[in-house]
Structures are given as C-alpha cells and as structure tokens.
Amino acid sequence: MIAEAIASGASIPYKIITDRPEAVKIGLDELKKGDILVITGKGPERFITIKDRKIPFNDAEAVKAWRDSR
C-alpha cells in the first residue's frame, strides 16, 4: 500500500486512514491548539476515483462543512 510506504519514513506517531473523507474529519477533530494539519495529494479535483467509480468529494468543501458543523 502506498500509504504504508510513505509512513515507513515517519519519525513521529501517525495514523493511516485510507477513507479520505473520514481522514479529513478525524484530522480536523483531533487538532489541538498549535497543531497543523496538512491535507495533501488530491489537488482541486471535485471527486475521488476508486477503480472505475467517481465519488463527489472536495477537500476544501469538506473542511468548510466540518467548520460549519461546529
């Protein structure tokens, strides 16, 4: 798995969450004062492609929805 290969070089605690919408939510939920969350890899696309399926999703919209739910 690509995520495991990337994480193998980490020198700090980490979690691997392969469900992107869930990962964004958990990352935001666990932030503490002074923390930084970096959401990388997807870019501005408005969907996630899994095999032959396109699922609507946008990182910026997910962050705004999380913020608005607080």
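Only a predicted model underlies this, so the values are computations on that prediction, with no experimental measurement involved.
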Quick one: side chain to side chain contact (heavy atoms under 4.5 Å, CB included) partners of [X], sequence neighbours excluded?
| X | value |
| --- | --- |
| Ala65 | none |
| Thr49 | Phe47, Lys54 |
| Thr18 | Met1, Ile16 |
| Ile50 | Ile48, Ile55 |

- request: Please check if Ile39 and Ile17 belong to a single hydrophobic cluster, counting links between Ile, Leu, Val, Met, Phe, Trp and Tyr side chain heavy atoms closer than 4.5 Å.
  value: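 No, it is not one cluster - the side chains of Ile39 and Ile17 are not joined through contacts under 4.5 Å.
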
Distance-only donor-acceptor pairs under 3.5 Å for side chains of residues 19-29, two or more places apart:
| unit_1 | atom_1 | unit_2 | atom_2 | d |
| --- | --- | --- | --- | --- |
| Asp19 | OD1 | Glu22 | N | 2.8 |
| Arg20 | NE | Asp59 | OD1 | 2.9 |
| Arg20 | NH2 | Thr40 | O | 3.0 |
| Arg20 | NH2 | Asp59 | OD2 | 2.9 |
| Lys25 | NZ | Asp29 | OD2 | 2.6 |
| Asp29 | OD1 | Trp66 | NE1 | 2.7 |
| Asp29 | OD1 | Arg70 | NH2 | 2.6 |

Check: For Lys15, what residues pass the side-chain hydrogen bond (donor to acceptor under 3.5 Å, both in side chains) criterion, not counting sequence neighbours?
Finding: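 Testing Lys15 for side-chain hydrogen bond (donor to acceptor under 3.5 Å, both in side chains), a comparison that skips the adjacent residues, returns Glu30.
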
Counting only heavy atoms not in Leu31 (residues, nucleotides, ligands), do more than 12 fall under 6.0 Å from its CG?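 Count over threshold, so yes.
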
